[in-house]
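Report on the structure given below.
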Amino acid sequence: MMLNKTKRLIVIAGPTAIGKTEFAIKLAQHLQTEIISADSRQFFKELNIGTAKPSARELSVIKHHFVGSHSIHDYYNVAQFEIDVLSLLDVLFEKHNQVIMVGGSGLYIDAVCNGIDELPDVDEKLRQELNKIYEDEGIATIQQKLKTLDPEFYDTIDRSNPKRIIRALEVCLATGQKYSEQRSNAKKERPFEIIKIGLNIDREQLYQRINERVDQMVKDGLTEEAKELFEFKQLNALNTVGYKEIFDHFSGNIKLEKAIEKIKTNSRRYAKRQLTWFRKNDNYQWFNPNEIEKVIALVNRS
RNA sequence: GGUACCAUAGCUCAGUUGGUAGAGCAACGGACUGAAAAUCCGUGUGUCCCUGGUUCAAAUCCAGGUGGUACCA
């Protein structure tokens with residue numbers, strides 16, 4: 001990519017149901033540009049209602065990238081997203097000075113803005129084996145393995161999080177080197193400017209929006225969509241708020257009303273985690289979603 | 001109007017013979033570089049309805065009040 005700081009990526013982030021899609025489209029219309037989605041579930045073409053994808057009409061107004069771009073049967077991850085977005089930006093910056101990236105997946109946004117270490121791909125079977133060991137023998141076994149293979153990382157990691165441990169182990173085992181030694185944590189410089197807009201409102205209002213949106217999803221046919229996907233429920237892409245709760249209902253564990261309540265609760269908790277993620281990054285300038293004019297002024301001025 | 005029962009965290013409730021409270025859910029805070037809408041860690045947030053009485057000491061016992069529920073009128 002050519003170094004050109006006259007090009008700018010405008011990141012729009014915020015909790016689920018805050019109104020990011022609508023906000024981004026308005027801004028994109030004003031700037032006559034395109035939108036990159038940074039949403040780890042809207043990638044999947046099979047997931048529609050439950051992921052609150054932009055509508056067909058919205059998609060026809062502004063060109064969106066990474067919405068429905070992959071299948072739930074594909075393996076996709078953050079590192080690939082970084083690569084894909086950077087090469088897409090190369091193309092988009094030929095036509096546009098400013099491009100918008102909108103989404104709620106903090107890690108994915110971070111990978112685009114700051115980069116992620118380049119580590120070799122790991123054979124899927126290795127992860128499956130480690131998961132099997134964890135399931136059969138418990139967390140203590142994998143903790144001990146990590147302590148042996150990478151004591152430095154073991155000392156700093158959240159040891160009760162099996163996914164962290166298994167990730168570290170699979171890298172150690174696949175590469176023969178310590179995970180901690182392969183991680184640089186270096187921030188990559190980008191050949192374009194980045195400005196970050198955070199959207200937020202009162203917690204109470206946000207929760208009301210979440211609850212109402214879930215009810216609307218149900219009216220729009222979320223249960224039917226989930227029914228079509230039930231046979232794939234073991235796929236990671238379907239370990240997702242809005243689907244997993246309804247699968248639990250289909251499996252006979254809970255009533256539908258209970259499942260819907262749990263979708264609301266889990267969405268609220270997700271929103272909270274998103275805010276935690278974005279708050280720790282003090283580069284965000286925060287706005288109410290109705291303050292589009294202020295944001296337009298901001299991007300015009302600088 | 002009468003009788004009975006109830007009133008404790010946001011909700012549902014527990015609280016023994018009086019020693020200023022606890023559970024589930026909800027909520028709140030945080031971590032997080034290839035599963036991230038995932039995964040993990042942490043935190044009781046209280047006018048014990050009100051007023052008075054008994055007592056060294058009252059969520060607990062007594063009286064009155066207020067509110068609620070049920071039944072009887």
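Convention: sequence-line order gives letters A, B, ...; per-chain numbering from 1.
When each of V214(A), I263(A), N48(A), D215(A) is checked for a side-chain contact (heavy atoms from CB on, under 4.5 Å) with L222(A), only I263(A) meets the rule. Each of H65(A), Q98(A), K63(A) was checked for a side chain to side chain donor-acceptor pair (under 3.5 Å) with E34(A), and the lone residue meeting it is H65(A).
Judged by the 6.0 Å distance and 45° axis criteria, K233(A) is positioned over the aromatic ring of F230(A).
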Distances for protein N or O near nucleotides 42-44 of chain B N or O, under 3.5 Å:
none

Pairwise N/O distances under 3.5 Å, protein to nucleotides 10-13 of chain B:
none

List, with names and distances, any nitrogen or oxygen atoms from the protein found under 3.5 Å away from nitrogen or oxygen atoms belonging to nucleotides 30-33 of chain B.
unit_1 : atom_1 : unit_2  : atom_2 : d
G30(B) : OP2    : T276(A) : OG1    : 3.4
G30(B) : OP2    : R279(A) : NH2    : 2.6
C32(B) : OP2    : K280(A) : NZ     : 3.3
C32(B) : O2'    : R164(A) : NE     : 3.2
C32(B) : O2'    : R164(A) : NH1    : 3.2
C32(B) : O2'    : R164(A) : NH2    : 2.8
U33(B) : O2'    : Y179(A) : OH     : 2.8
U33(B) : O2     : D117(A) : N      : 2.9
U33(B) : N3     : D117(A) : N      : 3.4
U33(B) : N3     : D117(A) : OD2    : 3.0
U33(B) : O4     : N185(A) : N      : 3.1
U33(B) : O4     : N185(A) : OD1    : 3.0

I'd like a list of close polar pairs between nucleotides 24-26 of chain B and the protein, N/O only, cut-off under 3.5 Å.
unit_1 : atom_1 : unit_2  : atom_2 : d
A26(B) : OP1    : R269(A) : NH2    : 3.1
A26(B) : OP2    : R269(A) : NH2    : 2.7
A26(B) : O3'    : R268(A) : NH1    : 3.1

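In this structure, Y108(A) reaches the A36(B) phosphate: one of its side-chain N or O atoms is under 4.0 Å from OP1 or OP2. Within the structure, a side-chain polar atom (N or O) of N236(A) is placed less than 4.0 Å from OP1 or OP2 of A36(B).
A salt bridge is defined here as a Lys NZ or Arg NE, NH1 or NH2 lying under 4.0 Å from an Asp or Glu carboxylate O, and K264(A) with E261(A) meets this definition.
Judged purely by atom type and a 3.5 angstrom limit, D117(A) has no side-chain atom pairing as donor or acceptor with the backbone of L119(A).
Comparing the P positions of A59(B) and G22(B) gives a spacing of 14 Å, expressed to the nearest Å.
With distances taken from any side-chain atom of Y207(A) to the nucleotides U39(B), G34(B), C28(B), the minimum falls on C28(B).
Contacts between residues 245-255 of chain A and RNA chain B, defined by a heavy-atom separation under 4.0 Å, are absent.
The residue Y75(A) sits close only to the backbone: its heavy atoms come under 4.0 Å of sugar-phosphate atoms, none of a base. Contact annotation for G242(A): no contact, since no heavy-atom pair falls under 4.0 Å across all strands. Using a 4.0 Å heavy-atom criterion, one finds that D39(A) contacts the bases of the nucleic acid, with or without backbone contacts as well. Residue contacts shown for S160(A) are limited to sugar-phosphate atoms, with no base heavy atom under 4.0 Å away. F43(A) comes within 4.0 angstrom of no nucleic acid atom, judged by non-hydrogen atoms across all strands.
Contact annotation: the side chain of K188(A) approaches that of E82(A) to within less than 4.5 Å [non-hydrogen atoms, C-beta and beyond].
For G34(B), the base adopts the syn conformation, since its glycosidic angle falls within 90 degrees of zero.
Atom CD of Q205(A) has more than 12 neighbouring heavy atoms from other residues, nucleotides or ligands inside a 6.0 Å radius.
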Determine which bases of RNA chain B form Watson-Crick or G-U wobble pairs with both distances under 3.5 Å, and write the result as a 5' to 3' dot-bracket string with | for other-strand partners.
(((((((..((((.....[..)))).(((((.......))))).....(((((..]....)))))))))))).

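The six-membered or imidazole ring of F287(A) lies away from that of F23(A), with a centre-to-centre distance of 6.0 Å or more.
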